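Note that these values count all heavy atoms, side chains included, but never hydrogens, waters or copies made by symmetry. Here the structure is a predicted model, which is why all the values come from computation and not from measurement.
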Amino acid sequence: MKVLAINGSPRKTKNTAVLLGHALKGAESVGAETEMIHLIDYNFKGCNSCFACKLKDGPFYGKCALKDDLTPILEKSMKSDAIIIGSPIYFADVTSLTRAYMERLFFMNLFYGDTRTVFKGRIDIRYIYTMGIPKEQIDDFGYRHLFQTHQMFSNILNGYSEYMISADTYQFEDYSKYDAPMFNEEYKAEVRRLQFPRDCKQAYELGSFLKNAR
C-alpha cells in the first residue's frame, strides 16, 4: 500500500503534523509505503471553475487542468491507496490550504450523473481534525456536519472513509505572551499531558487499520 499524508496546517511540527506522523507510523507497521506532504511548502490555489475536467473528450477529462505546485501532489494522490488528510479547524472549517487541495482532488473526479464519479479505482480517505474547543462543543458549533460532508466527498474516490478528532488542543508555547484570556493555560497543559498521548495512539491505530479496511 501507498499511504499519503496531507498536512493542511501551516505548522509543520505541531498538533496536526504530530498526529499525522503517528498515523503514518501505524500504516508503516502494516507494511505501507508512506509520505507526508506539508501544503504550506507549496504555491497553489483552489479550483477556478474552468470545467476542463468535465469537457467531453477533452485532454484534461477527469484531471485538473491547473498547473501549479499542487499538480504533482494531485498526481501522487491519485496513485495512492489511502490518503490521510489532517487539518486544524479555523473558523468552523478546515484551513484554506486543506480546502483548496480537497476542491481540486475531489472535483476533478466528480461526475454529474448517477455514478457521481469518473474514477475507476479506490482510494481510502482518513481525516484527522484538531481544534481548540472541547469535544463537548463540537455539535454546538456544527462541526459534525462538516465532518460528515467531507466523508460524502470521499465517496467520489470509491473508498472507505472515517475521521478522528483531537480537541482542546494546546495552542501556544507560552499563553502569558498572548491576549487570549478565555483559555486556561493550566487546564490546557493538563489536557495536553493526559489526552494528547491518547489522541496520538488513536492516530496510530487509524493508520494501522488501513490494511484491514481494504
Side-chain angles (χ1 to χ4, degrees), residues 1-41 80-95 97-98 101 124-141 143-144 146-148 150-151 154 160-178 180-214:
M1 287 183 65
K2 292 184 178 180
V3 179
L4 184 66
I6 300 293
N7 180 22
S9 171
R11 300 176 175 185
K12 297 165 63 174
T13 61
K14 301 301 182 180
N15 300 315
T16 305
V18 169
L19 292 169
L20 284 170
H22 281 278
L24 290 186
K25 287 180 181 178
E28 290 165 4
S29 74
V30 293
E33 176 185 334
T34 67
E35 180 182 356
M36 187 182 315
I37 291 176
H38 302 282
L39 293 180
I40 192 65
D41 289 338
S80 300
D81 296 293
I83 303 171
I84 308 173
I85 301 173
S87 177
I89 300 297
Y90 294 164
F91 286 93
D93 207 339
V94 292
T95 65
L97 291 167
T98 310
Y101 167 79
D124 293 333
I125 305 289
R126 301 293 186 275
Y127 296 97
I128 295 178
Y129 302 104
T130 60
M131 63 203 71
I133 65 169
K135 281 188 176 180
E136 294 75 21
Q137 295 182 10
I138 287 174
D139 290 325
D140 295 337
F141 281 82
Y143 289 2
R144 196 78 60 182
L146 174 70
F147 305 153
Q148 291 169 350
H150 291 167
Q151 285 192 284
S154 304
Y160 175 80
S161 69
E162 64 177 296
Y163 65 88
M164 66 158 284
I165 296 165
S166 181
D168 233 340
T169 52
Y170 203 79
Q171 298 152 295
F172 311 118
E173 296 296 339
D174 183 352
Y175 276 73
S176 67
K177 294 181 179 180
Y178 298 89
M182 68 179 291
F183 298 117
N184 182 304
E185 182 174 10
E186 291 183 2
Y187 167 76
K188 285 282 191 179
E190 189 69 359
V191 172
R192 175 79 176 182
R193 184 178 72 85
L194 296 176
Q195 182 58 44
F196 196 68
R198 298 172 190 160
D199 294 341
C200 290
K201 181 180 179 182
Q202 184 181 358
Y204 181 93
E205 292 172 348
L206 193 77
S208 64
F209 288 159
L210 282 167
K211 187 174 181 179
N212 296 331
R214 296 190 67 79

Novice: Short question: side chain of T95, backbone of S9 - any donor-acceptor pair under 3.5 Å?
Specialist: no
Novice: Looking only at heavy atoms, which two atoms of F172 and A180 are closest? And how far apart?
Specialist: CE1-CB, 4.0 Å
Novice: Give a yes or no on this: more than 12 heavy atoms of other residues, nucleotides or ligands lie within 6.0 Å of atom NZ of K188.
Specialist: yes
Novice: Is there a donor-acceptor contact under 3.5 Å from the side chain of D168 to the main chain of K135?
Specialist: no
Novice: Assess whether a salt bridge exists between K14 and E173, defined as any Lys/Arg side-chain N lying under 4.0 Å from an Asp/Glu carboxylate O.
Specialist: yes
Novice: Are T130 and T16 close enough that a side-chain donor and a side-chain acceptor fall under 3.5 Å?
Specialist: yes
Novice: What distance separates S208 OG from H22 NE2, expressed to the nearest 0.5 Å?
Specialist: 13.0 Å
Novice: Give a yes or no on whether the backbone of M131 and the side-chain of T169 come within a donor-acceptor separation of less than 3.5 Å.
Specialist: yes
Novice: Applying side chain to side chain contact (heavy atoms under 4.5 Å, CB included), run through L24 and M36 and close with a yes or a no.
Specialist: CA-CA 8 Å; L24 290 186; M36 187 182 315; 3.9 Å; yes
Novice: Applying the side-chain hydrogen bond (donor to acceptor under 3.5 Å, both in side chains) criterion to T34, which one of K25, E28, K2 satisfies it?
Specialist: E28
Novice: Might you point out which heavy atoms bring I128 and A203 nearest each other, and give the distance in Å?
Specialist: CD1-CB, 4.3 Å
Novice: Do I84 and M164 have side chains that approach each other closer than 4.5 Å (heavy atoms only, starting at C-beta)?
Specialist: no
Novice: Only one of Y163, Y160, Y127 forms a side-chain hydrogen bond (donor to acceptor under 3.5 Å, both in side chains) with S154, so which one is it?
Specialist: Y127
Novice: Rounded to the nearest 0.5 Å, what's the gap from OG1 on T98 to CD1 on I6? Could you check?
Specialist: 9.0 Å
Novice: Would you indicate whether the side-chain heavy atoms of N15 and R192 approach each other to under 4.5 Å?
Specialist: yes
Novice: For A17 and N7, work out which heavy atoms get closest and say how close.
Specialist: CB-ND2, 3.7 Å
Novice: Write down the atom of A5, the atom of L20, and the distance for their closest heavy-atom approach.
Specialist: CB-CD2, 4.2 Å
Novice: Can you tell me how far OH of Y170 sits from OH of Y187, rounded to the nearest 0.5 angstrom?
Specialist: 13.5 Å
Novice: Does a side-chain heavy-atom distance below 4.5 Å link C200 with V18?
Specialist: yes
Novice: So do F196 and L19 actually touch side chain to side chain, heavy atoms under 4.5 Å?
Specialist: yes
Novice: Is any side-chain heavy atom of D41 closer than 4.5 Å to one of K12?
Specialist: yes
Novice: Is any side-chain heavy atom of K201 closer than 4.5 Å to one of E205?
Specialist: yes
Novice: Run D93 and L146 through side chain to side chain contact (heavy atoms under 4.5 Å, CB included) and show every step you take.
Specialist: CA-CA 7 Å; D93 207 339; L146 174 70; 3.5 Å; yes
Novice: Would you name the heavy atoms of S80 and L4 that are closest together and state the gap between them?
Specialist: OG-CB, 3.6 Å
Novice: Answer yes if the ring centres of Y129 and F147 are under 6.0 angstrom apart, and no otherwise.
Specialist: yes
Novice: Could you pull out the closest heavy-atom pair between P134 and A167, with the gap in Å?
Specialist: C-CB, 4.0 Å
Novice: If I take atom CZ from residue R193 and atom CD from residue E190, how far apart are they, to the nearest 0.5 angstrom?
Specialist: 4.0 Å
Novice: Taking the side chain as C-beta and beyond, is there a heavy-atom pair between Y101 and V94 under 4.5 Å?
Specialist: no
